[in-house]
Amino acid sequence: MSIQEQFPFAAHTLLPNLSYPTLRNAIQHRAKEFDLPLAQDSKTEIQLKTAYGTYRFWQGDEAPIAEIGSSRSDWLYVLKESLQDIVHELSPEIAKAIHWSDAQESAGNRPPNFQFITIEDVTALAGGFLRVTALAEDLSHFTTDSIHFRLALPDPERQEPQWPYLSDSGQTIWPKGEAALHRPVYTVRDMDISTSRLTFDIFVHEGGRATAWAQNVTPGTRVGLTGPGGGGIPEVNQITMYADETGFPAVARILEALEPNASGHVVLQQTCSASAHYPMPTHPGVSIEYVQESDSDLGDLAIETMRNRPDQMIWLAAEKAAAQKLRAAFKTEGLNTKEHYIAAYWTRPAISNTQG
Ligand SMILES: Cc1cc2nc3c(=O)[nH]c(=O)nc-3n(C[C@H](O)[C@H](O)[C@H](O)COP(=O)(O)OP(=O)(O)OC[C@H]3O[C@@H](n4cnc5c(N)ncnc54)[C@H](O)[C@@H]3O)c2cc1C
């Protein structure tokens with residue numbers, strides 16, 4: 001069955017000057033990296049299945065063709081954006097030449113997963129967090145399957161911020177240079193779809209642009225949001241979670257949503273001593289332990305669980321090094337990460353060797 005027959009939303013584009021073997025190699029690599037199934041993989045066609053829909057690539061008469069299909073228009077857009085990134089890594093020039101078959105319908109519009117939110121309130125929360133409440137335009141796509149989003153923050157000094165739009169070829173044009181938007185990822189801590197009210201918690205850390213924004217923003221300010229995206233609330237009964245402060249809101253959301261008969265353990269790493277006061281919900285079957293960053297490595301702790309507790313779903317959200325260490329251990333042991341969640345929530349800057 002073709003992609004168009006399978007999905008209500010579909011689009012295709014030529015990928016001129018890209019060889020099919022190079023493309024196939026990139027898709028195989030992607031499938032491996034994210035544990036995604038390849039529905040087909042041959043010298044003439046490759047199909048990749050994702051949570052958002054399906055990609056199909058094949059060698060056309062003039063050039064390889066990419067076709068994507070999804071059950072939702074905003075997911076189709078997410079798939080287009082991911083493909084844009086994959087092709088950009090292979091060749092920025094070829095990525096620029098992407099022209100989606102449905103581009104005319106949407107040219108000039110905002111990207112389908114973009115909306116404005118209006119800030120209602122920012123309050124200090126115990127544990128070194130700021131709680132932001134905002135009114136969104138539409139939260140109906142924010143389900144328990146994807147609980148994260150990106151803010152799109154203009155430079156607060158700019159009088160007239162610029163926002164993204166879709167070009168004649170269906171590509172997203174993001175403001176550049178001084179008009180560029182800062183786009184950090186956050187977790188929906190709470191939401192009410194009927195009133196479109198959204199709450200998220202920002203961990204205050206040194207040098208953070210979103211932190212500085214939240215400390216100074218006034219009610220009524222309008223900023224952008226893209227999403228939802230990322231992981232969701234796991235539907236499991238046995239879970240061991242590891243998180244530093246950036247993952248506390250997601251852990252809180254998961255603890256609230258776990259079934260009453262679920263069991264597990266949560267290890268919360270403190271990079272600052274106050275964060276133990278973050279209002280973390282309790283669950284009767286899940287114990288919570290706090291560890292200090294100075295004497296614990298979340299990657300190592302999670303690896304122990306991987307080795308000794310195969311019954312547990314491992315959920316880890318932390319600095320990139322911990323996530324990479326755990327992923328590498330899964331690979332070394334020949335284990336699949338598909339049933340687990342391993343995510344880098346932030347990246348520590350590389351230490352420079354130059355002095356003075
Ligand atoms: C799926 C997902 C969900 C997330 N949910 C949340 C959430 O709900 N709440 C939350 O607070 N964060 C969350 N994060 C993490 C957040 O996106 C990052 O911390 C982001 O860098 C914050 O942007 P910023 O503008 O504050 O910092 P930036 O201006 O982007 O970075 C400035 C500097 O701060 C450093 N930095 C970033 N985070 C930290 C940190 N935690 N501690 C110390 N230094 C840091 C960076 O390395 C950089 O050097 C999430 C990330 C992901 C991927």
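Atoms within each ligand, like the ligands themselves, are counted from 1 in listed order. Keep in mind that the numbers below use all heavy atoms, side chains included, and drop hydrogens, waters and symmetry copies.
Distances below 4.0 Å separate heavy atoms of Phe203 from the following atoms of ligand 1: 10 (C), 11 (O), 41 (N). Atom numbering of ligand 1 starts at 1 in the shown order; those under 4.0 Å from a heavy atom of Thr211 are 26 (O). Annotation for ligand 1: atoms under 4.0 Å from non-hydrogen atoms of Ala210 are 24 (P), 25 (O), 26 (O). Each of the following atoms of ligand 1 lies closer than 4.0 Å to a heavy atom of Thr347: 46 (C), 47 (O).
For the pair Glu245 (side chain) and Cys272 (backbone), a donor-acceptor distance under 3.5 Å is present.
What sits closest to atom 9 (N) of ligand 1 on the protein, heavy atoms only, is Asp201 O, 2.9 Å. Taking atom 49 (O) of ligand 1 as the reference point, the nearest protein heavy-atom neighbour is Pro349 CG, 3.2 Å. The protein heavy-atom contact nearest to atom 50 (C) of ligand 1 is Val185 O, 3.2 Å. Protein heavy atom at the shortest distance from atom 22 (C) of ligand 1 is Tyr186 OH, 3.5 Å. For atom 5 (N) of ligand 1, the nearest protein heavy atom (residue, atom name, distance) is Thr187 OG1, 2.9 Å. Regarding atom 34 (O) of ligand 1, its nearest protein heavy-atom neighbour is His205 CE1, 3.0 Å. Ranking protein heavy atoms by distance to atom 29 (O) of ligand 1, first place goes to Arg209 NE, 2.8 Å. Here the heavy atom of the protein found nearest to atom 20 (C) of ligand 1 is Pro184 CB, 4.3 Å.
Using a 3.5 Å distance cut-off with no hydrogens or angles, the side chains of Glu81 and Thr172 do pair a donor with an acceptor. In this model, no donor atom of one side chain and acceptor atom of the other lie less than 3.5 Å apart for His99 and Thr13. Between the side chains of Gln28 and Asp41, at least one donor N or O lies within less than 3.5 Å of an accepting N or O.
The closest approach between Ala343 and ligand 1 stays at or above 4.0 Å for every heavy atom of the residue. Not a single heavy atom of Glu245 sits less than 4.0 Å from an atom of ligand 1. Within the structure, the closest approach of Gly207 to ligand 1 falls below 4.0 Å when heavy atoms are considered. Ligand 1 lies less than 4.0 angstrom from a heavy atom belonging to Ile202.
Residue His182 touches ligand 1 through its side chain alone, judged by heavy-atom distances below 4.0 Å. The side chain of Pro249, and not its backbone, has at least one atom closer than 4.0 Å to an atom of ligand 1 (non-hydrogen atoms only; side chain from C-beta on). By the criterion of a heavy-atom distance under 4.0 Å, the backbone of Ala344, and not its side chain, is placed next to ligand 1.
A salt bridge does not link Asp121 with Arg131: every distance from a Lys NZ or Arg NE/NH1/NH2 to an Asp or Glu carboxylate oxygen is 4.0 Å or more. At a threshold of 4.0 Å, the pair Arg30-Asp35 does not count as salt-bridged, since none of the basic side-chain nitrogens sits closer than that to a carboxylate oxygen. With salt bridges taken as basic N to acidic carboxylate O contacts below 4.0 Å, one links Arg197 and Glu120.
A cation-pi arrangement is absent between Arg24 and Trp58, since the terminal nitrogen or guanidinium carbon is not both under 6.0 Å from the aromatic centre and inside a 45° cone about the axis. For Arg222 and Phe116, the positive end sits near the middle of the six-membered ring, less than 6.0 Å away and at most 45° from its axis.
Ring geometry for Trp315 against Tyr341 counts as parallel: the plane angle stays under 30°, on a 0 to 90° scale with 60° as the upper cut.
For Phe114 and Tyr165, the ring centers sit 6.0 Å or farther from each other. Two rings, from Tyr278 and Phe129, have their centers less than 6.0 Å apart.
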